[in-house]
**Student:** 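Encoded as structure tokens, here's the structure I'll be asking about.
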Amino acid sequence: MSLHSIHRQSGRVRWFTLLFLALVGSAGVLAALAWKDYRRFADAPLNLPTVRIIEFSRGTAFKDLVRQLRREGISDGSPFYWKLLSREMQVASRLQAGEYQLTTGLTPRGLIELMASGKVVQHHFTIVDGWSFRQLRLALAGETGLQQTLPGKDETTIAAELGLGDGKPEGWFLPETYAWVKGERDFDVLERSHGAMKRALERLWPQRDPAVPLKSPYEALILASIIEKETGIAEERAQIAGVFARRLQLGIRLQTDPSVVYGLGEQYDGNIRRRDLDADTPYNTYTRGGLPPTPIALPGLPALEAALHPAGGNALYFVAVGDGSGRHEFTASLVEHNRAVARYLARRRNP
């Protein structure tokens, strides 16, 4: 081989070497730029000018989740970047369906962390002290995020599903605020509140005043429901419990209007008349002695505690003061009570 050929071949090798190095260098630059762009995507805020609630349905594939984010204008990141990010974070198989609250400043990385944690939006449902079971059902029916399984079921069926053998669910749900997530059933909330009431009775019954004339936790539940409906004044609950406890011990009828109203059901029009007090029903404590057969409302913890720890004293009667405060006047004799009633009626006539 001539020296000229060797020189020409050597030049060709150098040219290819330089070309190869240039290509490698370009590829490295492109890779670095792509990596930089990926990192910018992963840690740049999503398009969330305000807080958004977004739902990812059960069974949604990851690619469909990315499409949803793009469709709703939350992210314009490429599906490849999203897939790469989920693999980098090693959570692709652990993303959980549900409702998520997306806050301003949230990044793609933060969103994937949120979905992997399963920290879905928590809704809250409050059972109000003194509601009836019917009111509770109506309120649950208004929670549109819950699966509605209770409508159409009668009370006996619901009681059986809760394990209440007597078929009477009234009173058995503790007024409190309960958290739920979208997709849960209305029955799940009902079941939690029922469990809370059972635990409350199991805790409070052994601590009761040994002198209370109640034979079972269920009787305590009944009396507490009456106390709940009689007063909203905290310091009066134990006093009213004391009046009812003494009446039970002495065999005097309770003569409590809220029980009569409960017995009237839909016939009650907002006023109690003499004929209502005379009409015998299982809940008419003017015509029947002892406690009514079931609770008449959902009692809160303060009413339960009052029923089990009634105040001492000699009062056997009480009537509203009538001054708009919601307070009552307590008396020991029928004569005193009649005078208190006369004062109440006078205030009503001349407010």
Side-chain angles (χ1 to χ4, degrees), residues 127-137 150 153-176 178 187 189-231 237-238 240-265 281-311:
I127 301 176
V128 177
D129 300 42
W131 269 0
S132 66
F133 181 59
R134 180 176 177 276
Q135 289 174 303
L136 171 56
R137 291 187 67 175
L150 295 175
K153 292 183 179 179
D154 59 26
E155 290 191 0
T156 302
T157 301
I158 295 171
E161 291 177 354
L162 290 167
L164 293 169
D166 62 1
K168 301 292 185 183
E170 188 66 80
W172 273 113
F173 309 94
L174 185 68
E176 187 57 82
Y178 298 91
F187 184 78
V189 178
L190 201 63
E191 196 170 38
R192 283 202 285 276
S193 60
H194 174 56
M197 181 60 86
K198 287 199 299 183
R199 289 190 295 274
L201 284 171
E202 288 167 359
R203 175 174 60 84
L204 295 174
W205 179 250
Q207 302 170 13
R208 68 190 182 281
D209 184 328
V212 294
L214 302 171
K215 299 173 184 174
S216 67
Y218 190 58
E219 287 196 354
L221 190 62
I222 294 172
L223 182 56
S225 74
I226 297 173
I227 296 166
E228 186 68 69
K229 297 301 289 183
E230 282 284 9
T231 186
R237 292 192 185 101
I240 288 175
V243 169
F244 288 141
R246 285 184 287 276
R247 280 179 163 256
L248 288 171
Q249 288 166 335
L250 295 170
I252 303 173
R253 291 173 184 172
L254 296 185
Q255 297 180 316
T256 172
D257 290 354
S259 185
V260 175
V261 169
Y262 186 84
L264 290 173
T281 75
Y283 292 89
N284 191 335
T285 50
Y286 285 84
T287 62
R288 301 194 183 196
L291 294 167
T294 73
I296 62 170
L298 312 180
L301 280 174
L304 285 168
E305 290 169 346
L308 295 171
H309 300 278

**Student:** Would you say Ser225's side chain and Pro299's backbone share a donor-acceptor pair under 3.5 angstrom?
**Tutor:**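 Judged by distance alone, no pair lies under 3.5 Å.
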**Student:** Are any non-hydrogen side-chain atoms of Asp209 and His309 less than 4.5 angstrom apart?
**Tutor:** yes
**Student:** Report yes if some heavy atom in the side chain of Thr294 is under 4.5 Å from a heavy atom in the side chain of Phe133; otherwise report no.
**Tutor:**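 Not in contact.
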**Student:** For residues Gly290 and Leu248, report the shortest heavy-atom separation together with the two atoms involved.
**Tutor:**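 Residues Gly290 and Leu248, closest heavy atoms: CA-CD2, 4.0 Å.
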**Student:** Using residues 211-224 as the side-chain source, report each donor-acceptor pair under 3.5 Å to any protein atom, sequence neighbours left out, with the distance given to one decimal.
**Tutor:**
| unit_1 | atom_1 | unit_2 | atom_2 | d |
| --- | --- | --- | --- | --- |
| Ser216 | OG | Tyr218 | N | 3.4 |
| Ser216 | OG | Glu219 | N | 3.2 |
| Glu219 | OE1 | Lys215 | N | 2.8 |

**Student:** Does CZ in Arg203 sit with more than 12 non-hydrogen atoms of other residues, nucleotides or ligands closer than 6.0 Å?
**Tutor:** yes
**Student:** Do you know which two heavy atoms are closest between Ala306 and Ala238, and how far apart they sit?
**Tutor:**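 Heavy-atom minimum between the residues: CB-N, 3.9 Å.
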**Student:** Which heavy-atom pair separates Thr256 from Tyr286 by the least distance, and what is that distance?
**Tutor:** N-CE1, 4.0 Å
**Student:** Quick one: CD on Glu155 to CD on Glu170, what's the gap to the nearest 0.5 Å?
**Tutor:**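 That separation rounds to 7.0 Å.
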**Student:** Does a donor on one side chain sit under 3.5 Å from an acceptor on the other, for Asn284 and Thr281?
**Tutor:**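 Result is no, nothing qualifies.
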**Student:** Given side chains that start at C-beta, do those of Leu254 and Leu291 come closer than 4.5 Å, heavy atoms only?
**Tutor:**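 They are in side-chain contact.
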**Student:** For Glu191 and Leu162, work out which heavy atoms get closest and say how close.
**Tutor:**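 Here Glu191 and Leu162 meet closest at CA-CD2, 4.0 Å.
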